[in-house]
Amino acid sequence: MTVPTSPEGQEALLAMPERGPRRIAGAAGPTGRKPGPAKGAPEPAAQAPVARVVVDTPLPHLDRPFDYLVPASMDADAVPGCRVRVRFAGKLTDGFLLERAENTDHEGRLAFLERVISPEPVLTAEIAGLARAVADRYAGTMSDVLRLAVPPRHAKVEAEPRPPQESATSAQGAAPGGADGGGTGRSETEGAKPGRSPAAGAGPGGADRGGTGRSDVDAGHWRAYPAGESFLAALADGRSPRAVWSALPGTDRDGPSWPYAVAAAVRATLASGRGAVVVLPDGKDVALADRVLGDTPHVAITADLGPAERYRRWLRVLRGEVPVAVGTKAAAFAPVADLGLAVIWDDGDDLHDEQHAPYPHAREVLALRAHRAGAAMLIGGYARTVEATRLIASGWARPLVGRREEVRARAPRVRPAGDDAEMARDEAARAVRLPSLAWRALRRGLEHGPVLVQVPRRGYLPVLACQNCRALARCGHAGCSGPLALRSGHAAPYCRWCGRIAGDWRCGACGGRRVRAVVTGSRRTAEELGRAFPSVTVRTSGRDEVLATIGAAPALVVATPGAEPVPDGGYAAAVLLDGWALLGRPELRAAEEALRRWMNAAALLRPGAEAVVLADSSVPAVQALVRWDPVTHAERELGERAELGFPPVTRVATLTGPPSAVREMLASVELPAGAQVLGPVPVEGPRSGGDRESELERAMIRVPRAQGAALARALKGASGVRSARKAADLVRVRVDPLDPV
DNA sequence: CATTCGCGGTGA
DNA sequence: CACCGCGAATGC
């Protein structure tokens, strides 16, 4: 099977043999020219002897395909998409074979492939094109993106016998030519397709084939959304609507409803003969979706599976054995054949932001992918990000929101308890510093089931302030002024910088002698609440130990945002302590992020249950929570970004590195018209304490959105100059960082 | 990053 | 006039 992926391109080249770039010496005939192949050299393959290879190198100026000769001995194995090993700049390097060709543009003599690692075509044409697009968007290299997109090979797994061919569920969206994973034979020429009109809620009634009762039940999960059923119908009909979905809150015996709605959309897509990818923030959500999808053919891919099982499932997707991949952000690249739908849930969760170069965001990857592949997209969440809101504003996607009366019926009753709230009289409650409103809500809730207390993540940790004037409590030791904190089990506060115990602390501002915790860490909150409700079980769930679910029995659940256990039947009440930590922060997304966390917790309540948020009711994010109106809030945020000239209305890149390097790069980069440079400003390094001259600086470059691609290109060029010269002082380039400020 | 290439300087 | 050395260019 040596047929190249893009037959048209092949014929075009064959049609102009003589004027064509260069014929390959060996291919023309083994007549043994003067400088011909050395005597030990292998014979090139008779057909399409040129292999275009993406070489695995981090160097930006080498980010393009290189041509090699395919030895006749490797002819059969050297298929488009396979992993190869080549000699590059002297040493052996890994790479992917993009395509086979008759000719080369290269002036010099071509080297032979060193070997084909395996004939498995792991890089499909679609994913290769996507990786290129993502690299261009983020000023990165294709090989960096491929490292994120294609899992490391596991030879043993690859060699395992394939499952019996016709297993009824398989053979879903296999391309006409067989399951060689090469997408739908769409040509890999550059440029995104114009994209179809957003059809969420467009055309009526699609044929509901592929099931009887199933699709009725599925439709039920979207009935509360006016445009929901036509969205499903469009998917089933083979069309590609794009929607930003504001999921209705409320958790009942079946758990939260969003996984059912997602499963319904996936099954509708399957009914049209196409596949789907579903990207979720963490393993807990993947497990949930996995369970709800049930016998719908799919695989769940998460990091905790281990390399072998992970690769095994990924291969099933590649080989077309399953049409649906569910997983965390890497799943955005899952090589689903004939993609019909891309789903992302809770796109505001920062777990969707890739931590490896070039730092792509899963929502952007999926949007690019859906656009290029002509697939539908579903961006869902309880809250609404400004980025998703912009996609609506630009006309790329349509809103998918619940009927107002459904919102009212399912949302919890949220009551704010601001700073001036009356503190609980109860001695125990006083110790927890809970307003009486919150205290009573927990009490009442505990009569009916589990209650949730959402506390700030660690890291937002116990900072102490003067109880009187709220000034930050600082270490009184000469010249230190470090922040004070409490350790569990110790009564006296200690300094987080010098470690001294602050026995007789006195406020520098007002002379007060008592401290209060401005933000309390989860461990401590759990301890205190345990004392306050002595007869109740206290469970904690946080970063290090996440509790996925919790039973229906009364219990006090203390959890950090994102780690809230899904309760059997919904929480009976909740208190949200997290807001105080967030709302005061300087980040651009502080309000949006606070609202997102609150909504994610509050959505786990039973309809009508009581939630108390410890924040002032005048704050817009609090009002949005009370009215359960994420849309208006996000639109307002988008308006503010537009005014300030911040992403996603503009495009921004940050350059971080040693001052001299940052300045040098700024000087050499050829910025597109309309670019604005802010800074550079000093930024605290990875570790506080500034011991070395390792001080870092950060500059920000801002351009109109339309110049985004030009900016990325310019930055890549400039970083190429740098890294080629001196590897040492690296400037890290980030396009559209989560929070540029 | 590793290697090669080419120009200018240097020494016999 | 041959050779050495270092900076720039290149990597198939």
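Order of the sequence lines sets the chain letters (A, B, ...), proteins ahead of strands, with each chain counted from 1. The analysis underlying the following values was restricted to heavy atoms, covering all of them including side chains, and did not include hydrogens, waters or symmetry mates.
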May I have the distance from Glu107(A) (atom CD) to dT10(C) (atom P), rounded to whole angstrom?
12 Å

Between Thr656(A) and Arg698(A), do the side chains contain an N or O donor and an N or O acceptor separated by less than 3.5 Å?
yes

Separation of atom CG in Leu59(A) from atom C1' in dT3(B), rounded to whole Å
13 Å

Taken in chain and number order and not counting sequence neighbours, the residues that satisfy ring pair (Phe, Tyr, Trp, His ring centres under 6.0 Å) with Phe88(A) are Phe66(A)

Rounded interatomic separation in angstrom, taking CZ from Arg109(A) and P from dT10(C)
20 Å

Given the rule in the side-chain contact (heavy atoms from CB on, under 4.5 Å) test, do Val322(A) and Arg313(A) qualify, once you have shown the distances and angles that lead to the verdict?
CA-CA 9 Å; Val322(A) 286; Arg313(A) 296 189 184 186; over 6 Å; no

Whole angstrom is fine here: how far is it from NE2 in His61(A) over to P in dG11(C)?
9 Å

Nearest-Å distance, CG (Leu62(A)) to P (dA2(B))?
14 Å

Rounded distance (Å) that lies between atom P of dC12(C) and atom OH of Tyr68(A)
6 Å

I'd like to check the side-chain hydrogen bond (donor to acceptor under 3.5 Å, both in side chains) partners of Asp67(A); sequence neighbours left out, ordered by chain and number.
Arg52(A), Thr104(A)

Whole-Å distance between dT10(C) P and His106(A) NE2?
12 Å

Between atom NZ in Lys91(A) and atom P in dT3(B), what is the gap in whole Å?
9 Å

